[in-house]
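In what follows, every heavy atom counts, from backbone to side chain, and hydrogens, waters and symmetry copies are set aside.
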Amino acid sequence: MKLLIVPARTGLQWVQQGIRTFRQQPLALAALFFLSMAAMSLVTVLPLIGPAIALALLPATSLAMMVAAAEASHGRAPTPALLLVAFRTGRQRLQSMLTLGAMYAAGFLLIMGLSMLVDDGLFASVYLGGEPLTREIAESPDFQAAMWLSMGLYLPLSLLFWHAPGLVHWHNVPPVKALFFSIVACVRNIGALVVFGLGWMGVFIVAGMVMALITSLLAQFIGGIASALMVATAMLLAAMFFTSIVFSFRDCFAAPDASDGDGTLGAEPPALR
């Protein structure tokens, strides 16, 4: 495995490739993303441990979308079976993915715990506990401080886990090393990642403005459906975003040996070029 350095403009290519790949298999990729989100939502209803388990499933969900995007780029329709791809590629990779999920959940909960020191748990109760977000709460200085602290701490956490699921799955890298290689790759390619993030921010803003205009023009006809359309659009955009992650992984790491593949999909990220 070899780390690759790409120019900043590559980040915009990742956005374009994600959107283009999603357009090739929109129903399959959207359905896979919706199913994964529904599964995580169902898990959260479990008392006490539900939210932690849901958080632990996020790396596996990210990997499922990466593999699905690889399949779609080769002209193959992703199937719901890919939701379990992280858990059916050998015992060693299974243990690594479970460890990765546990570490992600622990890191996220630690961030929430630190935010509780700022506002006595108000932000955590809104974000994880389903507490209604009122205007009074949103304007609270303590709540805002906890929110910004959480966002600041979540950035390095997300960089640690950005490439980690792909490194475990395609390169068979142990979890701790995968986290290290992931953040090193992100830091070395920070320009491309910033452009990638700004590109997706622009896509979300433009799509939001278009949907707001459409719903306002059709409000007298669609009424209460407007909010549902906004939510559906946001979910579709999120599915596109997750579809594009695999391209950042492909361009940041050299192609693995044949022995490092999962042996079942035949769609390794480096072959997406």
Side-chain angles (χ1 to χ4, degrees), residues 1-23 29 33 55 58-59 61-63 65-70 73 100 103-104 107-108 110-111 114-115 123 127 144-171 173 177-211 233-255 269-270 272-273:
M1 182 187 67
K2 180 181 178 181
L3 174 64
L4 304 176
I5 310 300
V6 299
R9 64 178 180 274
T10 308
L12 188 58
Q13 296 176 10
W14 296 339
V15 177
Q16 295 169 339
Q17 290 166 333
I19 295 174
R20 184 166 57 247
T21 301
F22 185 86
R23 289 175 59 186
L29 289 169
F33 181 75
L55 289 169
L58 191 58
T61 297
S62 178
L63 177 63
M65 292 301 297
M66 291 173 70
V67 175
S73 70
L100 207 61
M103 293 192 322
Y104 179 82
F108 191 91
L110 176 61
I111 292 174
L114 292 174
S115 75
F123 175 76
Y127 195 86
Q144 294 180 6
M147 178 186 68
W148 286 112
L149 173 65
S150 299
M151 291 176 61
L153 293 176
Y154 184 74
L155 178 59
L157 181 69
S158 64
L159 296 182
L160 279 168
F161 286 86
W162 187 261
H163 297 301
L167 288 169
V168 167
H169 181 72
W170 276 295
H171 294 267
V173 178
K177 287 186 177 181
L179 296 178
F180 173 76
F181 293 149
S182 175
I183 197 167
V184 168
C186 289
V187 171
R188 295 294 299 274
N189 290 291
I190 191 64
L193 278 178
V194 169
V195 173
F196 176 77
L198 291 175
W200 273 113
M201 185 182 300
V203 171
F204 272 81
I205 290 175
V206 171
M209 293 174 62
V210 171
M211 287 304 301
T233 301
M235 292 289 286
L236 286 174
L237 290 172
M240 290 184 192
F241 172 81
F242 273 88
T243 300
S244 65
I245 292 177
V246 71
F247 298 101
S248 68
F249 176 82
R250 176 205 68 182
D251 287 344
C252 288
F253 297 95
L272 295 178
R273 288 184 172 85

[X] vs [Y] side-chain heavy atoms within contact, under 4.5 Å:
{"X": "Thr21", "Y": "Phe247", "result": "yes"}
{"X": "Val15", "Y": "Ser244", "result": "no"}
{"X": "Leu100", "Y": "Phe161", "result": "yes"}

Report, one line per pair, each donor and acceptor closer than 3.5 Å where one atom sits in a side chain of residues 151-158; sequence neighbours left out.
unit_1, atom_1, unit_2, atom_2, d
Tyr154, OH, Tyr104, OH, 2.8
Ser158, OG, Tyr154, O, 3.4
Ser158, OG, Leu155, O, 2.7

How close do [X] and [Y] get, heavy atom to heavy atom, and via which atoms?
{"X": "Ala69", "Y": "Val246", "answer": "CB-CG1, 3.6 Å"}
{"X": "Cys186", "Y": "His163", "answer": "SG-CD2, 3.8 Å"}
{"X": "His171", "Y": "Ala254", "answer": "CE1-O, 3.3 Å"}
{"X": "Ala178", "Y": "Val173", "answer": "N-CG1, 3.5 Å"}

Can you tell me how far apart [atom1] ([X]) and [atom2] ([Y]) are? Round to the nearest 0.5 Å.
{"X": "Trp14", "Y": "Cys252", "atom1": "CH2", "atom2": "SG", "value": "4.0 Å"}
{"X": "Leu160", "Y": "Met103", "atom1": "CG", "atom2": "CE", "value": "8.5 Å"}
{"X": "Phe123", "Y": "Ile111", "atom1": "CZ", "atom2": "CD1", "value": "10.0 Å"}
{"X": "Met211", "Y": "Leu237", "atom1": "CE", "atom2": "CG", "value": "9.5 Å"}

Test of ring centre spacing under 6.0 Å for Trp170 and Phe253
no
Kindly state whether the ring of Phe241 and the ring of Phe33 have centres lying under 6.0 angstrom apart.
no
Using distance only, find each side-chain donor-acceptor pair of residues 187-197 under 3.5 Å and give its atom names and separation, not counting sequence neighbours.
unit_1, atom_1, unit_2, atom_2, d
Asn189, OD1, Val6, N, 2.7
Asn189, ND2, Leu4, O, 3.0
Asn189, ND2, Ala185, O, 3.1

With sequence neighbours left out, write down each residue that passes side-chain hydrogen bond (donor to acceptor under 3.5 Å, both in side chains) with Ser248, or none if nothing qualifies.
Trp162
If you count every heavy atom of other residues, nucleotides or ligands that lies below 6.0 Å from Phe204 atom CZ, does the total exceed 12?
yes
Donor-acceptor check, side chain of Ser150 to backbone of Ala146, threshold 3.5 angstrom: yes or no?
yes
Could you go step by step and tell me if Phe242 and Leu29 meet the side-chain contact (heavy atoms from CB on, under 4.5 Å) rule?
CA-CA 10 Å; Phe242 273 88; Leu29 289 169; over 6 Å; no
